[in-house]
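We use all heavy atoms of the structure for the numbers below, so side chains are in, but hydrogens, waters and symmetry mates are not. The sequence lines fix the lettering, A, B, ..., with proteins before strands; numbering per chain opens at 1.
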Amino acid sequence: MSGATPAQTFRFTLNGQPVAVTCPPDLRVLWVLRDLLGVTGPKYGCGLDECRACTCHVDGVAFATCSTPVSAIEGRSVTTIEGLAATWPGGGLHPVQQAWLELDVPQCGYCQAGQIMMAAALLAQVPDPTDDDIDQIRNVCRCGTYVRIRQAIKRAAELLRQGSSSASGS
Amino acid sequence: MPPGAVEPSPGHSLVEEALAATVRRPASRPGGTTRRQFLAYVIGAPILVVAVDALGSAPANAATSGASGGGGLTVPAPEGIPSLPQPADVVDLGDLLILAGLPTANLITISVDTNGVAHFAMPRQENGQGTETAVAMIIADELDLPLEQVEVTLAPAEPKLVFNQLTGSSNAIRSLWDPVRTAAAAARGRLLAAASDLLGEATSALTVQDGVVVAPDGRRVSYGQLSGLAASPTTLAVPATPKDPSTYRIVGTPVPQRANPAIVTGAQRYAVDLDVPGYPTMVRRAPTIGGRLLSFTNRAAVEAMPGVLRAVPLPFGVAVIARTFGQAIDGVDAVEATFSPGPVADQSNATVRQALIEAPVVPFLPAAPLARTLAFDFDWAPVNHAPMGTNMAVADVRDDSATIWAPLQTPIAALEAIAEAVGLPPSAVVVNVVRGPGSFGRTLFFDAALEAAQISKAAGLPVRLMWHRTNDMRHGRAHPQAHHRIRATLLGDEVLAFEHRVTSVTTDVSPGLGEAITAGLDRTGLGKLGFSQTLFETTITCPYNFGVVTQLLTEVPLAFNTDSWRSVFSYNTRGAEEIVVDQIAAALGQDPVTFRLGFLQNDRQRAVVEKVAEVGGWGRSLPAGVAQGIGFHQEYQSFCAVLVELDTRNPALPRVTRAAVAVDVGLPVNPLSLEGQMLGGLTDGISLVLQMGNHVEAGLPVESGWGHFKFIRQDQAPREVTVVVMPRSTDRPGGAGELAVPAAVGAVANAWARATGTVPTSFPIIDPTIGWAPPPPGPVPVEPLQPLPDPRRDPSELYDY
């Protein structure tokens with residue numbers, strides 16, 4: 001319940017910039033981002049940690065912003081879809097975003113910020129995910145773009161390998 | 001009689017009927033397509049603005065236009081007793097909607113600005129089907145412009161458009177094809193004429209390259225430079241002849257959706273994301289569908305909660321307006337209120353099923369002598385649309401004006417209803433149409449926009465209304481529950497009769513859509529039916545030579561919140577029929593693909609079945625518990641076949657592992673988005689058959705979110721899907737957005753029957769009981785706060801955050 005406790009000030013890094021918000025400590029990160037900071041890329045799909053449309057990164061790790069209190073991100077670094085490209089040293093879009101464009105993944109697009117953030121977090125730890133790995137992703141896409149998401153994750157893995165090999169070779 | 005039982009039956013009228021039908025059968029099917037004739041105008045303006053008007057319509061020649069029944073002359077079928085044309089073969093729902101929109105097509109306008117950019121404010125909704133992109137492709141081809149120099153936006157509600165601003169029935173491209181091409185052709189002609197004057201060359205000597213007119217001597221003048229010269233101070237008629245579609249260079253090629261760059265960077269805005277004033281707002285709703293607010297006893301306490309600005313009692317519930325949605329949710333759950341029991345408060349899936357079974361239906365024909373019958377009953381659960389974004393709208397209602405932003409397929413009807421509800425003249429209301437967060441039919445209704453307007457007026461504040469997922473699942477609209485009875489009558493190797501009685505809870509046909517259907521019907525002389533009867537009659541047709549075919553809808557008027565759901569009556573009606581088709585094949589000892597090829601009515605139908613069997617490897621060897629299934633569907637003047645391989649070996653997690661789709665839409669505009677629509681329809685079909693549906697208990701679905709409303713996720717999606725877009729077969733595009741769902745339903749159900757040996761008759765199949773404790777009605781559930789994941793310690797947290 002976000003209304004019960006007095007507001008406090010919380011400081012964290014958002015897409016590389018320091019931010020401070022004053023709000024109840026149990027206000028969910030999703031509403032801090034969307035309603036207080038105007039960052040609308042993360043979407044509300046259920047508020048129940050079931051659809052994952054709200055997925056963002058905290059210190060590079062995927063998390064459900066709808067179910068995480070703002071107090072938990074004090075001092076941490078949060079990345080939303082708006083800041084993903086800037087985390088990629090190669091410049092331009094993040095390889096996951098590039099792959100999403102190449103494969104024309106989105107339909108309505110509402111879940112795709114969460115899908116992309118999940119895929120980027122997966123690839124950060126599993127550079128060459130198997131189909132079984134990809135099967136474990138729980139993000140819902142109601143338009144049914146799952147096949148293209150799967151192809152795009154594999155394509156992004158290729159792009160990431162190319163990017164890292166060219167970076168090491170330069 | 002148990003499902004699938006075969007019995008001989010007495011009587012003979014059926015044989016006579018079938019013979020009579022053969023005699024009466026016309027040599028070819030009547031042309032379903034109407035050729036639209038349009039007149040173009042230059043509208044008085046400083047830059048070039050072109051509009052089109054309908055001259056009227058003339059029936060197309062069935063031999064050349066692609067008749068709705070099968071695209072051209074009907075080739076005599078090698079097998080089967082031919083069936084009479086059904087209403088949907090003569091004029092389908094898409095035709096009705098086009099007819100309804102014809103008198104106002106002139107308000108479709110295309111302008112070319114001084115930078116040479118063409119603009120089209122599209123009077124259709126974009127929900128991710130790719131309509132904006134496809135229309136831009138058509139305009140670019142017709143104008144000889146690079147695609148990047150065509151801007152397509154979503155037009156706000158424009159009441160002058162009457163029935164010409166409606167998105168539904170997979171009709172957007174079908175209905176825009178002629179007027180948009182005509183307007184663009186007129187603009188091109190006008191620009192060429194201006195260039196001719198300027199350059200002193202005959203128009204026939206000029207060519208256009210990427211929006212630049214080139215003279216024989218190489219002099220060049222751009223559309224931007226010509227826009228003012230091509231404009232007219234007064235409105236005047238101009239000639240327009242669209243190009244032969246075979247000369248198009250962009251149409252027919254794969255083009256990614258135009259919104260993708262914005263979507264993948266988070267820049268795409270949906271209604272609740274818009275940077276306009278509007279406080280986060282959620283509503284406390286009744287414990288039963290349709291319950292009305294009786295009392296709200298702790299308003300002061302709720303309004304004293306941190307962040308809460310107002311708590312407003314309205315007939316549909318208590319709206320809590322707050323600084324953040326988190327605080328609005330807290331307010332909603334703190335509300336103490338009572339509601340009247342809703343009109344279906346005593347209903348459950350079981351009682352509704354009983355009512356459907358007891359409703360009188362037109363009896364089947366008396367059985368024929370020596371014939372045997374196959375009879376099946378099917379049940380379909382109600383199914384929420386569950387668009388990825390819940391019902392949403394922003395409303396700013398003031399004393400003398402109102403402005404609304406929402407995803408809307410019927411924006412004019414929304415505007416009129418909102419004007420009435422807030423007591424303003426329609427001219428004082430602006431309704432902006434915003435890209436939808438999925439729809440699947442949901443935004444044919446404008447529930448959120450209307451509520452947001454009422455809340456804004458009552459509170460005196462601009463509001464950003466979003467439904468909680470639990471409320472969207474329980475109080476949102478849904479496909480109605482339905483019961484089906486199908487009987488096929490067989491004699492020898494022939495099907496003498498195919499009879500289908502659909503009994504369904506009434507489908508609410510949206511204001512706007514329903515009126516357009518009526519208006520279109522008035523222009524056909526087909527007579528008067530109810531909205532949904534017309535919808536059924538103009539969408540449901542049997543594609544097989546099954547002798548005497550009757551498909552009839554009976555509706556039971558229970559006051560659930562219903563709406564058209566992707567393919568409306570077709571996924572359940574045609575899906576069930578595709579199951580029976582497999583059983584007829586089995587009864588005749590035939591392979592399901594061979595049987596379909598024999599009993600389908602024309603070459604376009606057969607071609608997609610043959611193609612899907614080929615690319616899907618029909619008949620390949622599979623382990624026990626894994627099987628292939630096939631389904632076919634035609635609608636919207638398009639054809640689709642789906643082949644799936646279903647693995648049922650893990651009963652808790654059945655999975656379609658591979659799938660193939662073949663689709664013939666006549667003229668494919670954008671094969672890439674067409675493939676996307678096939679993937680979406682396939683995923684819907686898998687979910688509907690296997691596990692997605694709502695359990696109504698005491699007047700309310702118990703599902704509260706995605707946890708129990710089991711739309712499939714990545715672990716049940718096929719890893720491999722092949723979509724074959726058939727080459728252009730006609731000179732115009734058919735519809736595609738809903739097309740794959742009924743074929744996929746048939747394919748998955750047939751695969752289940754073949755894998756398990758049991759014909760499924762109740763959907764979803766995996767739906768035994770409510771095996772969980774649903775959150776109680778009234779308050780919305782709140783997920784407990786969670787610690788942050790640390791997957792570097794535990795790899796499972798990579799996914800289970």
Atom of A:Tyr146, atom of B:Ala717 and distance for their closest heavy-atom approach: CB-CB, 3.6 Å
Side chain A:Glu82, main chain B:Ala267, donor-acceptor under 3.5 Å: no
Aromatic B:Phe711 / basic A:Arg142 pairing, under 6.0 angstrom, 45° off normal: yes
Winner by heavy-atom pair count (cut-off under 4.5 Å) against chain B, out of A:Ile134, A:Val96, A:Leu84: A:Ile134
Segment of B:Val308 engaging chain A (4.5 angstrom heavy-atom cut-off): neither
Lys/Arg-Asp/Glu bridge criterion (N-O < 4.0 Å) met for B:Glu783, A:Arg28: no
Which portion of A:Leu48 sits near chain B, non-hydrogen atoms under 4.5 angstrom: both
Side chain, backbone, both or neither of B:Glu126 within contact of chain A (heavy atoms, under 4.5 Å): neither
Closest non-hydrogen atom pair, B:Val721 against A:Val147: CG2-CG2, 3.5 Å
Contact summary for B:Arg269 and A:Thr40, nearest pair of heavy atoms: NE-OG1, 3.5 Å
Residue part contacting chain A, namely of B:Met392, when any heavy atom lies under 4.5 Å: side chain
Interatomic distance, A:Tyr110 atom OH to B:Arg435 atom CZ [nearest 0.5 angstrom]: 13.0 Å
Toward chain A, the part of B:Arg323 with a non-hydrogen atom under 4.5 Å: backbone
Side-chain ion pair, A:Asp35 and B:Arg464, N-O less than 4.0 Å: no
Atom of A:Trp31, atom of B:Ile329 and distance for their closest heavy-atom approach: CZ2-CD1, 4.2 Å
Atom group of B:Ser439 that falls short of 4.5 Å from chain A, counting heavy atoms: neither
Stepwise side-chain contact (heavy atoms from CB on, under 4.5 Å) check, B:Arg655 with A:Asp135: CA-CA 12 Å; B:Arg655 182 174 192 174; A:Asp135 277 354; 2.7 Å; yes
Under 4.5 Å from any heavy atom of chain A - which part of B:Pro387: backbone
Heavy-atom check, side chain of B:Gln129 versus side chain of A:Gln107, under 4.5 Å: no
Residue part contacting chain A, namely of B:Gln268, when any heavy atom lies under 4.5 Å: backbone
Residue pair B:Gly436 / A:Cys108: nearest heavy atoms and the distance that separates them: O-CB, 3.7 Å
Option in A:Cys111, A:Cys51, A:Ala113, A:Ala121 with maximal non-hydrogen atom pairs under 4.5 Å from chain B: A:Cys51
Contact class of A:Ala85 relative to chain B, heavy atoms under 4.5 angstrom: neither
A:Val39 versus chain B, the contacting section by heavy-atom distance below 4.5 Å: neither
Any B:Tyr801 side-chain heavy atom under 4.5 Å of A:Arg52 side chain: yes
Among A:Asp49, A:Thr55, A:Leu103, A:Ile116, residue most engaged with chain B (heavy-atom pairs, under 4.5 Å): A:Asp49
Atom pair SG/CE of A:Cys46 and B:Met473 - distance to nearest 0.5 Å: 9.0 Å
Side chain / backbone / both / neither for A:Cys141 at chain B, heavy atoms under 4.5 Å: backbone
Region of A:Leu93 in contact with chain B, defined by heavy-atom distances below 4.5 Å: side chain
Pairwise side-chain contact, B:Gln257 with A:Pro106, heavy-atom cut-off 4.5 Å (strictly under): yes
Atom group of B:Pro437 that falls short of 4.5 Å from chain A, counting heavy atoms: both
Residue among A:Thr68, A:Leu101, A:Ile149 with most heavy-atom pairs under 4.5 Å to chain B: A:Leu101
Check against side-chain contact (heavy atoms from CB on, under 4.5 Å), B:Phe325 and A:Leu30: CA-CA 9 Å; B:Phe325 274 103; A:Leu30 178 63; over 6 Å; no
Within 6.0 angstrom of B:Asp275 CG, more than 12 heavy atoms from elsewhere: no
Trace of the salt bridge (Lys or Arg N to Asp or Glu O under 4.0 Å) decision for B:Glu675 with A:Arg148: CA-CA 10 Å; B:Glu675 179 189 272; A:Arg148 287 185 176 175; 2.7 Å; yes
Donor-acceptor under 3.5 Å (A:Tyr44 side chain, B:Arg469 main chain): yes
Straight-line distance of B:Leu788 CG to A:Ser67 OG, nearest 0.5 Å: 11.0 Å
Pairwise side-chain contact, B:Leu798 with A:Val126, heavy-atom cut-off 4.5 Å (strictly under): yes
Heavy-atom contact with chain A under 4.5 Å, split by part of B:Tyr279: neither
Between B:Ser673, B:Gly389, B:Gly438, the one whose heavy-atom pairs under 4.5 Å with chain A are most numerous: B:Gly389
Gap separating the CD atom of A:Glu50 from the CH2 atom of B:Trp706, nearest 0.5 angstrom: 10.0 Å
Part of B:Pro784 within contact of chain A (heavy atom distance under 4.5 Å): backbone
Greatest number of heavy atom pairs closer than 4.5 Å to chain A - which of B:Ile686, B:Leu672, B:Asn127, B:Leu679: B:Leu672
Smallest separation among heavy atoms of A:Gln112 and B:Ile263, with atom names: CB-CG2, 3.8 Å
A:Arg34 with B:Asp273: basic N within carboxylate O range, under 4.0 Å: yes
Gap between atom OG1 of B:Thr265 and atom CD of A:Gln97 - 0.5 Å precision: 7.0 Å
Heavy-atom pairs under 4.5 Å with chain B, option from A:Gln151, A:Arg76, A:Arg138, A:Met118 with the top count: A:Arg138
